[in-house]
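One structure below.
Below, chains carry the letters A, B, ... as their sequence lines are ordered, and counting in each starts from 1.
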Amino acid sequence: MSFPTAASPPAASEAGTLHHDDGDSYNVNDDDASFDAIRLDDEGFPSQQLPIESPSPNGSEKSSFAADFYRCGSDCSSLLTPERDSLSSGKKLKQANLFQIWGFKRNVEFESPNQGGYCDVVGEGSVSSEKKSVKRGNWGSILRDTGKVVENSKSTGKRKSFHGEKRVTRSCPFYKKMPGTNFTVDAFRYGCVEECSAYFLSHFHADHYGGLSKKWSHGPIYCSPLTGRLVQMCLYVNPSYICPLEFDTEYVIDGIKVTLIDANHCPGAALIHFELPNGQCYLHTGDFRACKLMQDYHLFVNKRVNVLYLDTTYCNPKYKFPSKDDVLNYVVKITNNHLKKYPRTLVVVGAYSIGKECVYLAISKALGVKIHVNASRRRILLAYDCPDYSDRLCTNGNNTLLHVLPMSSLRIETLKEYLKTYKEQFTSVLAFRPTGWTFSEKIGNDLALIKPVSNGNITTYGVPYSEHSSFTELRDFVQFLRPDKIIPTVNVGNAANREKMQSYFRDWLKG
DNA sequence: GCGATCAGAT
DNA sequence: CACATCTGATCGC
């Protein structure tokens, strides 16, 4: 394999240029990039004649940005005119299909009829949003219950029949392909994406890295150094595919200038800024929480972002939540009050894999206590390579009142069982469940309205510690950037949502 | 048998 | 509600 390796860091030695030497199993002809054929017009959809899948029967549907753009239902490569497509395929070198080489029969011919556009129907052969169906993350047991497992005998319903169809490899949605480049972002679940010479990973969450495993062989993976370490140690991806890019550093990859910027999401998460040779700039936010600080970033100040690929998780005015700092102060305050009242309290913070560490870090700092985590979470936190975490960890749960547990362990019954294992020292539990949003529109910014759930000596607080932008943060960010067009990447699974989001965008950018 | 991926649950 | 994951089932190698 001849991809840049982690052992030979990119850029410096080659005057800021990364090369993919054509290896024997992965050849890309730079001069014939198929994504390159796509030009977005000023409404944001590909400007060439599109094969419209199902034109409005009576023609009455209003032609709007959203309607036209999403109706195209096509990924970039499928938008090529047949002439050009066949012309180019005569010259270009394709990656050999390793499955075929090994005598297996997985073939792109079996791909879904949906060509990677947005799709309204969730189900067979459809592409819904980012958030559906990703591989099981089984790297370690940080998410496994540590206490007695509460029985849940309710079996999940039987699997829907596939009507005898072959299992299908979905094709990569257009909004994961960067036009004019051979790059994709967070597109690992689609096997080998045709023409893709570089696969970017915005951050280490399962719904974005889905498809990555030790068998990955489709091309180099560009990501932040931390994300790269996690990909290697948790998913066992061959390190020769992992190409770490430092934050705030411009790299030239296949002739495109690429810069990663801190996304204010989980550790290692990046905004990805692309600058094409023609001067066009794209910003892919991955998942992010917009903040004022980002508005000082030199790239955003000095260069207009033409296309913004936007994390629209909370793109609705009903999503209001406090700043991270407000939530952290609140959590510390509740903890202090609770400990005053019940000195023998075990404080538990729920967590998934990566992200929301600040909640327990804040308690640890404020109270001067260590953080107990199990071995696999410890391994992850040590990979952050940050003394803030490593110096505070504590293996023995008896030695600190602050424990981190998998989110699934925060049920009252599970916590009761957990408390029993520490009954010599603790007599009650105070648990925090950091969630994206508080579920109640009424709470909004007002933390004082949060009501704990209590049962005997167990008390649980759901706190709105969000690592996605609120509606107003999103609006402020967009109004600051003033991109020519915005392509939402979340909640795109239904047309009404998309239409609604586009109308917010229009509203924000008018005048 | 095992890894990948689905629907549904949490 | 949403997030981000877990669970059990099933498929295909």
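For the pair A:Arg433 CZ and B:dT10 P, the interatomic distance rounds to 13 Å; values are reported in whole Å. In this entry the distance linking CH2 of A:Trp216 with P of B:dT5 reads 11 Å, nearest Å. One atom, CH2 of A:Trp437, and another, C1' of B:dT10, lie 18 Å apart when rounded to the nearest Å. Rounded to whole angstrom, the span from the CD atom of A:Glu467 across to the P atom of C:dA2 amounts to 19 Å. A:Phe188 places its CZ atom 15 Å from the P atom of B:dA4, with the value rounded to the nearest Å. The distance between atom OH of A:Tyr465 and atom P of C:dA4, rounded to the nearest whole Å, is 13 Å. Between A:Leu474 atom CG and C:dA2 atom P the separation is 16 Å, expressed in whole Å. To the nearest angstrom, C1' of C:dA2 lies 9 Å from CG of A:Asn491.
Remark: A:Arg411 is not in phosphate contact with B:dA9, judged by side-chain N or O atoms under 4.0 Å from OP1 or OP2. Checking the phosphate oxygens (OP1, OP2) of C:dT5, a side-chain nitrogen or oxygen of A:Ser353 falls inside 4.0 Å. For A:His468 and C:dA4, the shortest distance from a side-chain N or O to OP1 or OP2 is below 4.0 Å.
A salt bridge does not link A:Arg289 to A:Asp311: none of the charged nitrogens lies less than 4.0 Å from a carboxylate oxygen.
Here the shortest heavy-atom pairing between A:Leu382 and A:Leu393 reads CD2-CD1, 4.1 Å.
Within the structure, no pair that satisfies the salt bridge (Lys or Arg N to Asp or Glu O under 4.0 Å) test touches residues 261-273 of chain A, not counting sequence neighbours.
The side chain of A:Tyr314 sits closest to C:dA2 out of C:dT5, B:dC6, C:dA2. When each of B:dT10, C:dT5, B:dA4 is scored by its nearest atom to the side-chain atoms of A:Tyr352, the top-ranked nucleotide is C:dT5. In the set C:dA2, B:dC6, C:dT5, B:dC6 carries the atom at the smallest distance from any side-chain atom of A:Arg189. With B:dA4, C:dA4, C:dC1 as the choices, the nucleotide that has an atom nearest any side-chain atom of A:Asp207 turns out to be C:dA4.
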Exercise. Hey, mind stepping through A:Tyr314 and A:Glu473 against side-chain hydrogen bond (donor to acceptor under 3.5 Å, both in side chains) and telling me if it holds?
Worked result: CA-CA 10 Å; A:Tyr314 292 124; A:Glu473 287 164 344; over 6 Å; no

For this session: List the steps and the verdict of side-chain hydrogen bond (donor to acceptor under 3.5 Å, both in side chains) for A:Asp325 and A:Ser323.
Result: CA-CA 5 Å; A:Asp325 278 345; A:Ser323 70; 5.6 Å; no

